[in-house]
Structure formats: C-alpha cells, structure tokens
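Report on the structure given below.
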Protein chains: 2
Amino acid sequence: MAARGIGRMRTLTRKGVTLKDVAAAANVSRATAARALNSYGYVGDETALRVIEAADALGYRANRVAQALRSGQLPIVGYLPGDIQNPFFARIAHDLEVELRKHGHNLLIASSEEDVEQERELLESLRSLSVRGFILAPTSATDNQHILQLAREGAPIVLIDRVAENARCDSVLVDNEGGAREVVDYLVTNGHRRIALLRDDSRIFTAQERLAGYQHSLQAHGIELDESLIGVSRSTVEQAIEATIRLFTRRNRPTALFTVDSLMTQGALLALRSMGLSIPQDVSLVGFDDFDLATFTDPQITVMAQPIAEIGPLAAQMLLERLAGKKAAPRLKRFPTRLIVRGSVSHPKKR
Amino acid sequence: MAARGIGRMRTLTRKGVTLKDVAAAANVSRATAARALNSYGYVGDETALRVIEAADALGYRANRVAQALRSGQLPIVGYLPGDIQNPFFARIAHDLEVELRKHGHNLLIASSEEDVEQERELLESLRSLSVRGFILAPTSATDNQHILQLAREGAPIVLIDRVAENARCDSVLVDNEGGAREVVDYLVTNGHRRIALLRDDSRIFTAQERLAGYQHSLQAHGIELDESLIGVSRSTVEQAIEATIRLFTRRNRPTALFTVDSLMTQGALLALRSMGLSIPQDVSLVGFDDFDLATFTDPQITVMAQPIAEIGPLAAQMLLERLAGKKAAPRLKRFPTRLIVRGSVSHPKKR
DNA sequence: TAGCCATGTGAGATCGATCTCATATCGGCC
DNA sequence: GGCCGATATGAGATCGATCTCACATGGCTA
C-alpha cells in the first residue's frame, strides 16, 4: 500500500527532481548542493558525499533550461542546410552531430529549403532559443543582412558549402569555380562544344561559382557562351527532369550536359532516358558531387567529387574553437575537388 | 561621435533586448508590457500601442529559454531516427520539420545510429532540455525500459517505423510482415525456392517483422527454412556489399535475394555486379523500401514500396494532438505496402 | 590571548517572462 | 453621495541553477 502510494505520487508530481529536492534530502542548502555537484568552491568531504548520494538516489538531473537562462546559452548548435533531403547535407548533418555530441552539444537541424525568408525566420527563431552557435549554408550569396547582423553581434557562425558576401565568418567550401572549369575543360578536350549547364537558383553561391567556372572554361577555349544552353532548376530530381527535357527538346541540341549537384544529375539521367537519348552515345554527362549510385548506372557516371567527409568535421571543429573563445580572424578553408572519370563521357557523334 | 558611441554600446551589450527594456521605453511595468505583447488581461488601448511600438523600435524578441523555464517546456520536438543518412529517415525528417514549424515548433534531430546505449543517452539529454515531445524509431524492440519510463512520466512520444514492446505510445508503422510475405510469395510464384534474405540487426523491430514474413511465406509454400540463406548486415551500402558476397560465394547459391532496406538493396546491387552475377538472369532481386534510383539501374529494381510521404505528416499530427492535451488511448497506424514490379525478377535458370 | 587565514555553509540575488494579487481610478446606479 | 463593478496598472513571486557575499567555525601564529 505504501509503495503504491509513493508510486502514485511520483506519477502525479510528473517530472523534475530539482536541486532543491536534493539539497533537502542531503540536509544542506541549495548553494552547497550546487557546489558539491559541480565541484567548485569549498565543500566538506562528508557533505559532498551526502549530496551526491542524495542526487543519485533521487535520480537528479540538472535542468538545462534553467542553466541556459542563467548562462545565456543552450548547449545546442543550429544547423541550417539548404535541404536536409539532399544527401550532401544529410551526410554533413551526420558528421556534425557526431562531432558536436562529443563535446556535449546537441544539433538542431532546420532546413531553409533554399528560401531566404525562411532562413531569416529560422535564424531568428534559433536566436531566441539562445543556441550557442550556427552552422549554415546561406541560401543567398548577397541577400544576407540577417547573417551579417548575427555575426556582428558576435554569434559564432560557420558557413559551409557557400559564403555570404562580406560576412566575417569562418567558412568551409570547395573549389566550385575550379571544379566546374575542370569539368568543362574535360568535356571540351573530348570534343564537345555545345555543352549545356543545368544549375540551381542563381541566388545560390555555389551556382554562381560553378557558372563562373563553366563560363571561364568556355572562354578559355574560345567558345562563345550560348545562354540558351543554360538551364535553371531547383535542386530536386523532379524539377531537374523537366529542366533537362527543356534543354534537350530543340534543334541542334547540346552534345554534353554538366549538372551542378547530385539530385540534378539523377534527374538528368532519368530525363535523358525518357527522351530516348543514350549516354554517352547521344549525350555526355558529368555531374558535380558524387553519389552512391553513380557506379550502379549503365554507364557509370563521371563526376566531380567533393571531399564530403572532411567538410562536416572541420566545420564542427571551427565552431567549437569559436565557442571556446578563439578570437582569430575568420578562416576560410577551400577544399579542392577531384574528377572521377567513369563512363558517361565520349566524343560527340558527327552529324 | 555620438552615433559611434551608441554603435559601440550595442556591440558591447551584445544581445538581448528584454521585456524590461521594452517596459522602460514604454514607461510601464513589465507586467503591463507582457499583457500588451501577449494580449491578455486588461490593457489600455493607448498603452498597448505604446508598448508594441517600443517593442518594434527596440527589436524585442521574447527569450524562449526564459519562457521555457516558466512553462517547463521548450518549443522543440526531438526526432531520433535510426540514421539520418538513410533516405527513409531523411525524408521523414523533412516532413516532420515542415509540419512542426507550422505549429511553432523546432525539430531537434539526434541520430541513435542503431545503438541502444546512444539512444538512451540522447533521450536523457533531450529530456533535460525539456523538449516538448519525441518522435522516435526505437533501436531495439525489447530493450527499451528508457522509453517505457519516459512514456510513463507522461512525455508525448510517437514511435515511427518500429514499435517498442509494451510501450503505450502512438505508433506509425508499415505492414512489414505482410510486405515481406508478399515479396517472398512473389519470388516463389516466379519459381524460386532458394531465396536469400539480407536483413539488419535482429534487435530492430522491422528486421524481426520482415524476417517473420519471410519465414511465414516459405512455410506456407512448404519450403524448409535454411538459416544459411539469411545474411545479417548493418544498414549501410558498404556492409551490405560484404554480406551479399558472403551469401553468394558458396556452392548451390541462392537464385533470389530479398533485401530489407534501400541501402542494403544498393549494396547488394554493387556486390552482385562485382561478382559478375547479372540481374535477373543469375539472381533475382527484390528490395524493401523504394529509392529514387531504382528506376535508373539496368534492370530496374522491383521493390516493396512504403508510403513514406504519409508517415512523417501523420506522426507529426499525432504528436501535436498529444501536445494539445489529447488523452485518448494510444493509436497504432499500420500502413499497407505496395509491390512495384519492375525488371529485377525472372524465373531461375535450370542448372 | 588577540588576530588572522583557511575552510565551510547559507541567505539571497540573478537570469527573463509570466502570473497572481493588491491597488487605483472611473463611471454608473440606488 | 456613497458604493459596486469594470477597467487598468504595478509590485512581487515563480520557474531552477548558480553565484556573490556574509557569516561562521577552527586552527594557527605573534
């Protein structure tokens, strides 16, 4: 009966053994209990032991919200990728989470879905949550007052995959321009001159850089830029299919296609097949960003690979250093990319 | 000079316009300011206006940590998938996030990586963060005292993809046993009798159910169970490759393979190709869980598809109802699966 | 023995928002 | 004219952990 009564009490009081309870159980003040549990200041050995035992017995766990109110910060880092469904960002999410957890932080993931307005709101929302820092792939290269503002207020921010103009933040990028240039160089070397580009919203930093690489390469080879060969699409398989079809339903169609991310590459694959165009006989294809199934398709897809395994861990480390109070000037790390030649490029047919 | 001084002050004071500042600016007490901003109780029209204007002018945003301390809860929902890199869980993460944001909640994603101990720690960690609820894919079907305990304390929990024994929680599942049975039925109908199964850790609920479906189908067709035809692997492409190779390097190898999730299906594809076995001539293949590239491969892969677009939204809705105070008995929703016949199954060759 | 430091402990303030309760003012009604 | 209720506002308590400060001891030195 007694046991049942206690059980019910537990249930009713719901959650929350507080420091006060522990202090009462150990017959000391809250201050002393706190000292014993967090080992600072003076506490008698015997007292400390009593407190710790009481805490154990009651199953005490500090309320992190209360701690956060006092310290001004939750042990949470916010991650704002462009789209968590993109394997690139999902992989980074995983790596960040592993790294941050080692240091007692949780990762709060909120996808901006490539919408500046949503990015702004999410950032605002996380700010009012007093998260400790941000790891962010800015949706826009230019429209980012909100990010500059946050940085100005001293919030620890690490930008990944993309930079924001004028932002004084640590950044982790890849060499988009160089990678794109190398892709187009490679296609030109293989005899292509009508090379289509399928890219995402021009607001996005990587899209700009990859476009620049495309343009520079063409220019270097004396090939005139044909705007009609540049397709724009959102970064989803579905939208990429439509955009690809638009690019290839025209007279004098391109002999090669360069897609700027893995979801688009997949969309292009599907679209080309549905149009009865075979790779690489009818169209050569190179994608930016490698993906698991690139070696499953027939032919296997040639890609410009990013060192994805290094981005998350480095970003996490940079952020942790900032959280630890590092004051140095912002650091920008730009990883090289690597062309992986498989079977999706050949010389164009003579027509 | 004056302006510069103010700028510097802003920088130094760092963050935080508080309610107190707003109240002071509007020349009212904190209580009145709170009433005006949250519109409750009596406030004079003119006063309210003054407060709101002051708040706007100062850029006031309520500190959610302070609110949480008082209310006991942060507007955060915790999501603990088995692995955020698995497209299945990534897709659900996306759907949950969209749905929850509509209701003012953020989603905190913490992957358990199929480790019970890690799941326990993460749950504990989120609990001390006072998150409002949990959406969880339990790592183990049986070892889940921590989940039962949490549920007993009245924490809102929705289980997805998997159930935890004895847990009185809302759950959203698919018909794993029926789906698996149907897959094997289909293979048997196509003349297969030596059907291999590649599944993940037997601790996992879906693995158990899918195994049961496999066994029941064989039994129904009078085929004796051969344990050596059952391979176990973690749910990653790499591990699945190895496990597949193990299954197929033996005399009298299986004529068909059933893989229990999309990453394993991809691993099996790679492994079979590397062994020079062609699909479906040498081996028929069916996977549980559809994936984008299943139609890109040659041949396209026959799969048992899950209604993935419905799982996240329903789970979010169930959780929101609980957060709103719904008291009804736990609800279990089990979606049917659907066989999508493509080209990876044929009759086995006579040998 | 007076004085001082090292040690140990508790009362109360603090973080920011919210809520309860007390108080103040006004109009209207008997 | 005085009283009641509706309206309006503020003082202070609360959530839980932590920190500052003040206050006790006790032992030791001068």
Handout entry: Among B:Val131, B:Ile157, B:Leu80, the one residue meeting side-chain contact (heavy atoms from CB on, under 4.5 Å) with B:Leu123
Key = B:Leu80
Practice task
Round to the nearest Å and state the distance from B:Lys20 atom NZ to C:dT18 atom P.
Solution key: 16 Å
Handout entry: B:Asn38 side-chain N/O to C:dA17 phosphate OP1/OP2 under 4.0 Å
Key = no
Exercise for the section: Quantify the bending of the helix from C:dT1-D:dA30 to C:dC30-D:dG1 as the angle between its end axes, each fitted on five pairs, to 10°. Expected result: 80°
Exercise for the section: Look at the side chain of B:Arg70 and decide which nucleotide, out of D:dA13, D:dG16, D:dT18, has an atom nearest to it. Expected result: D:dA13
Practice task
Report which part of the nucleic acid A:Val65 touches: base, sugar-phosphate, or nothing (heavy-atom distance under 4.0 Å, all strands).
Solution key: nothing
Problem - Donor-acceptor under 3.5 Å (B:Tyr79 side chain, B:Glu97 main chain) - result: no
Practice task
Please state whether the phosphate of C:dG10, meaning OP1 or OP2, lies under 4.0 angstrom from any side-chain nitrogen or oxygen of A:Ser29.
Solution key: yes
Handout entry: Side-chain N or O of B:Thr32 closer than 4.0 Å to phosphate OP1/OP2 of D:dT9
Key = no
Exercise for the section: Report yes or no: is there a donor-acceptor pair, N or O only, under 3.5 Å between the side chain of A:Arg35 and the base of D:dT18? Expected result: no
Short heteroatom pairs, N/O only, protein and nucleotides 23-27 of chain D, under 3.5 Å:
none

Problem - Any residue meeting salt bridge (Lys or Arg N to Asp or Glu O under 4.0 Å) with B:Arg70, in chain and number order, not counting sequence neighbours - result: none
Could you go through residues 317-327 of chain B and list every donor-acceptor pair under 3.5 Å that involves a side-chain atom there, pairing it with any protein atom two or more places apart or in another chain?
| residue | atom | partner | partner atom | Å |
| --- | --- | --- | --- | --- |
| B:Gln317 | NE2 | B:Glu321 | OE2 | 3.3 |
| B:Glu321 | OE1 | B:Lys326 | NZ | 3.0 |
| B:Arg322 | NE | B:Asp170 | OD2 | 2.7 |
| B:Arg322 | NH1 | B:Lys326 | O | 3.3 |
| B:Arg322 | NH1 | B:Ala328 | O | 2.8 |
| B:Arg322 | NH2 | B:Asp170 | OD1 | 3.0 |
| B:Arg322 | NH2 | B:Asp170 | OD2 | 3.4 |
| B:Arg322 | NH2 | B:Ala328 | O | 3.1 |
| B:Arg322 | NH2 | B:Ala329 | O | 3.3 |

Exercise for the section: Examine D:dT18: is either OP1 or OP2 under 4.0 Å from a nitrogen or oxygen in the side chain of A:Gln67? Give yes or no. Expected result: yes
Problem - Contact residues, residues 40-49 of chain A to DNA chain C [heavy atom, < 4.0 Å] - result: A:Tyr42, A:Val43, A:Gly44, A:Thr47
Throw together a table of side-chain donor-acceptor distances under 3.5 angstrom for residues 38-62 of chain B, partners on residues two or more places apart or in other chains.
| residue | atom | partner | partner atom | Å |
| --- | --- | --- | --- | --- |
| B:Asn38 | ND2 | B:Ala34 | O | 3.4 |
| B:Arg50 | NE | B:Ala26 | O | 3.0 |
| B:Arg50 | NH2 | B:Ala26 | O | 3.0 |

Practice task
Ignoring hydrogens and angles, state whether a donor on the side chain of B:His146 or B:Glu124 is under 3.5 Å from an acceptor on the partner side chain.
Solution key: no
Handout entry: From CA spacing to verdict: side chain to side chain contact (heavy atoms under 4.5 Å, CB included), A:Asp161, A:Ile311
Key = CA-CA 8 Å; A:Asp161 189 46; A:Ile311 297 176; 5.9 Å; no
Practice task
Look at the side-chain N and O atoms of A:Tyr60 and state whether any lies under 4.0 Å from the OP1 or OP2 oxygen of D:dA17.
Solution key: yes
Exercise for the section: Tell me whether the OP1 or OP2 atom of C:dC15 has a side-chain N or O from B:Asn63 closer than 4.0 Å. Expected result: no
Exercise for the section: Using a 4.0 Å heavy-atom cut-off across all strands, classify A:Ala62 as base, sugar-phosphate, or nothing. Expected result: sugar-phosphate
Handout entry: Per B:Ala31 side chain, nearest of listed nucleotides D:dA11, C:dT14, C:dT18
Key = D:dA11
Practice task
Without swapping roles, check the side chain of B:Asn63 against the backbone of B:Ala66 for a donor-acceptor pair under 3.5 Å.
Solution key: yes
